[in-house]
2 protein chains.
Amino acid sequence: MNPTIKDVAKKANVSIATVSRILNGLPGYSEDTKKKVTAAIADLGYQPNAVARGLINRRTQTIGVLFPNVSGMLSSEVLEGVERAAHEAGFSVIVCNTASSGSRTLKYLRLLQEKRVDGVIFASEDIKDEYAEIFKEMNVPVVLVSTASQKHNLPFVRVNDFEGAYRATEYLIHRGHRQIGMIGGSNYDPIAGVPRMEGFKAALTKHSLPFIDKMLVTNEGYRFNDGQQSLPKLLHQFPEMTAVFAASDELAIGAMSAAHQLRISVPDQLSIIGYDNLKISEMCYPPLTTVSQPLVKMGEKAGEMLTALIKEKELEAKSMYLPFTIVERQTVKRMK
Amino acid sequence: MNPTIKDVAKKANVSIATVSRILNGLPGYSEDTKKKVTAAIADLGYQPNAVARGLINRRTQTIGVLFPNVSGMLSSEVLEGVERAAHEAGFSVIVCNTASSGSRTLKYLRLLQEKRVDGVIFASEDIKDEYAEIFKEMNVPVVLVSTASQKHNLPFVRVNDFEGAYRATEYLIHRGHRQIGMIGGSNYDPIAGVPRMEGFKAALTKHSLPFIDKMLVTNEGYRFNDGQQSLPKLLHQFPEMTAVFAASDELAIGAMSAAHQLRISVPDQLSIIGYDNLKISEMCYPPLTTVSQPLVKMGEKAGEMLTALIKEKELEAKSMYLPFTIVERQTVKRMK
DNA sequence: CTGAAAGCGCTTACAG
DNA sequence: CTGAAAGCGCTTACAG
């Protein structure tokens with residue numbers, strides 16, 4: 001049995017109120033009683049019960065974080081950042097793997113509500129109306145990371161996908177490429193899918209390179225397999241292509257794998273630029289040139305923003321776009 | 001303000017005791033009052049407060065899980081399994097990133113203790129005496145995953161590293177290799193480092209291939225960079241080598257990267273077999289042949305074991321070794 | 001400086 | 001079948 005505040009009160013010959021004051025650094029006791037109490041605490045190895053505290057303070061010092069795919073390489077890094085920031089601010093984090101399922105998400109949200117978490121971080125997915133309703137009901141701060149919502153006014157931490165894609169494409173153009181293809185994500189993904197395609201098109205247009213349908217192949221997801229299958233397709237419909245922009249690193253690496261199999265040398269015969277800068281992007285060969293999203297930092301910022309919102313109810317959150325950079329490695333060749 | 005059990009009691013014109021019974025499926029009420037209460041609950045959108053429940057039941061339905069490196073590819077998959085099993089059993093999971101730091105681990109353990117988690121899963125690291133002490137103090141079940149402890153009698157879920165390494169080496173031997181090197185992990189890691197080297201040596205010996213020091217290079221960690229640096233070293237001291245066993249996939253992929261740079265073709269000039277079967281092992285080129293640890297399943301089993309222990313205090317846990325397999329891809333060549 | 005008491009939102013004997 | 005009451009382990013006015 002864990003000792004309670006009563007036990008230490010008895011041992012120190014004071015009331016539990018006094019023990020509580022000392023525990024919480026409130027004023028109201030002599031040096032002497034403080035010593036007695038501190039000694040009793042040490043003797044008993046007393047640890048305050050956070051559950052009891054949570055009940056009375058209406059604060060659990062816990063946040064929930066929802067990912068569509070916890071073990072994904074992107075989520076992992078974001079989670080690391082969230083956990084770090086949360087812990088630093090004195091909060092624990094409960095992880096939830098929604099598996100991109102609406103019903104699971106709903107169940108998790110209900111669960112987090114029952115557990116009375118002090119806030120929630122929602123990652124990489126679109127906010128359905130039902131979610132927004134529960135957010136409202138829960139009445140705790142919510143911050144989005146690596147996603148955003150047009151309908152619901154929720155603060156977010158992310159990178160500007162349009163800009164990132166634009167710059168990636170421009171990077172290729174600046175290296176002398178004129179026939180550029182794109183392996184895109186989903187057309188039904190308004191958060192990351194569409195903006196990256198739009199950024200691609202905008203960069204072409206800006207440099208007087210007409211966009212033609214055959215330059216783009218879209219996918220349902222952003223995974224390795226998608227990329228692997230997309231490259232042959234793209235090559236087939238757009239054989240004169242000298243460079244390709246992939247909407248994610250997995251897509252890019254899948255494309256590289258397909259290129260290897262087709263005996264197309266990267267970057268000599270085909271240049272590739274990715275998007276994300278996952279850890280694998282420097283592990284593959286040749287190492288991938290890519291748009292770097294500061295994933296850990298995004299998680300951290302989201303964690304900081306959320307805990308700040310929890311601590312000072314008034315403060316209005318301002319969303320933030322974090323800067324991206326282009327990490328030059330070895331998959332893009334300069335055309336003369 | 002969230003409605004409480006009092007609100008529904010008032011609304012349904014019954015006592016809170018009755019509401020509680022209905023909520024918990026205990027016997028003792030008429031169909032009629034059940035209906036009234038259910039209606040009131042729905043009306044108010046009442047959600048039981050898990051914090052209050054936790055206080056009185058001494059059960060938080062929450063477990064803690066500690067990883068040395070949450071965002072590592074290995075941890076990620078284990079976490080996915082843990083989370084799945086925990087959730088299925090009605091538990092939430094709090095993640096902790098110890099960053100392989102003893103003091104952080106201790107702080108997390110204290111925190112989990114204060115939060116009164118019902119159990120903890122400890123991953124991929126050695127159990128120091130201080131940790132074991134806190135485990136005892138906490139008085140909740142603990143299960144280890146992807147690690148084990150010789151000193152402390154704690155149940156574990158893992159793969160037999162000696163066997164895995166033995167079989168990997170034998171795989172190479174069966175493919176006709178006689179000059180086999182190893183890129184090992186740490187000599188100071190009794191859990192994964194040493195057994196994998198021992199398994200390697202044992203397989204050689206068993207097949208009458210003498211082990212010589214030059215055949216092995218060890219590392220502090222199991223990371224990509226370590227592998228990258230190890231291959232040239234190993235090649236230097238053991239140039240006649242035709243195949244190498246790497247103690248992790250990252251090590252193997254780092255070695256492949258070094259091979260690429262040295263213009264050594266894998267598997268034509270050098271065969272490589274890894275250990276883990278991380279997702280990257282099929283994304284690199286050529287896809288890596290490796291010893292597959294069922295990481296997600298390991299997490300799942302650990303989660304199941306822990307929640308079972310929580311539910312039935314008596315039951316003694318029996319550790320388990322999960323089976324590994326060798327996944328044949330394209331980095332090992334058959335010698336004639 | 002210190003303590004008795006109420007209360008956070010529940011569950012669980014106990015009595016009827 | 002149903003309710004009054006005690007209690008889980010704390011915090012916080014309130015009174016002295």
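Since the structure is predicted, the reported quantities are computational estimates derived from the model, not experimental observations. Within every chain, numbering begins at 1; the chains are lettered A, B, ... in the order of the sequence lines, protein sequences first and strands thereafter.
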Could you give the start and end, 5' to 3', of the contact zone on DNA chain C for chain B, using atoms under 4.0 Å from its heavy atoms? dC8(C) to dA13(C)
Identified side-chain contact (heavy atoms from CB on, under 4.5 Å) partner of Phe156(A) from the options Ser149(A), Ser319(A), Ser146(A): Ser319(A)
Counting only heavy atoms from other residues, nucleotides and ligands, does the tally under 6.0 Å from NZ of Lys34(A) exceed 12? no
NZ/Lys115(A): more than 12 non-hydrogen atoms of other groups inside 6.0 Å: yes
Which sits closer to the 5' end of DNA chain C, Leu26(B) or Arg58(A), going by the nucleotide each is nearest to? Arg58(A)
Using a heavy-atom cut-off of 4.0 Å across all strands, would you classify Val14(B) as base, sugar-phosphate, or nothing? sugar-phosphate
What about Phe67(B) and Phe122(B), are their ring centers closer than 6.0 Å? no
Would you indicate whether Asn24(B), at its atom CG, is surrounded by more than 12 heavy atoms from other residues, nucleotides or ligands within a distance under 6.0 Å? yes
So what does Leu23(B) hit on the nucleic acid, given a heavy-atom distance under 4.0 Å: a base, only sugar-phosphate, or nothing? nothing
Below 4.0 angstrom, N of the basic side chain to O of the carboxylate: do Arg110(B) and Glu137(B) qualify? yes
Need to verify one output field. Residue with the more 5' nearest nucleotide on DNA chain C, Ile56(A) or Pro27(A)? Pro27(A)
Reference residue Ser76(B); test side chain to side chain donor-acceptor pair (under 3.5 Å); the match among Ser76(A), Ser75(A), Ser71(A): Ser76(A)
Tell me what Ser20(A) touches on the nucleic acid: a base, only sugar-phosphate, or nothing, going by heavy atoms under 4.0 Å. base
Result for side-chain contact (heavy atoms from CB on, under 4.5 Å) between Ile63(A) and one of Val120(A), Val93(A), Leu112(A) points to Val93(A)
Whether His87(B) and Tyr108(A) hold their rings parallel, tilted or perpendicular, with breakpoints at 30° and 60°: parallel
With side chain to side chain contact (heavy atoms under 4.5 Å, CB included) as the test, would you mind laying out the steps for Val95(A) and Leu79(B) before giving the verdict? CA-CA 9 Å; Val95(A) 281; Leu79(B) 175 60; 4.3 Å; yes
Using a 3.5 Å limit for the pairing distances, which stems of at least 3 consecutive Watson-Crick or G-U wobble pairs does DNA chain D take part in? C:1-3 with D:14-16, C:5-12 with D:5-12, C:14-16 with D:1-3
Residues from residues 2-11 of chain B sitting under 4.0 Å of DNA chain D, heavy atoms only? none
Looking at Lys301(A) and Glu304(A), is there a salt bridge between them, counting it only when a charged N and a carboxylate O are closer than 4.0 Å? yes
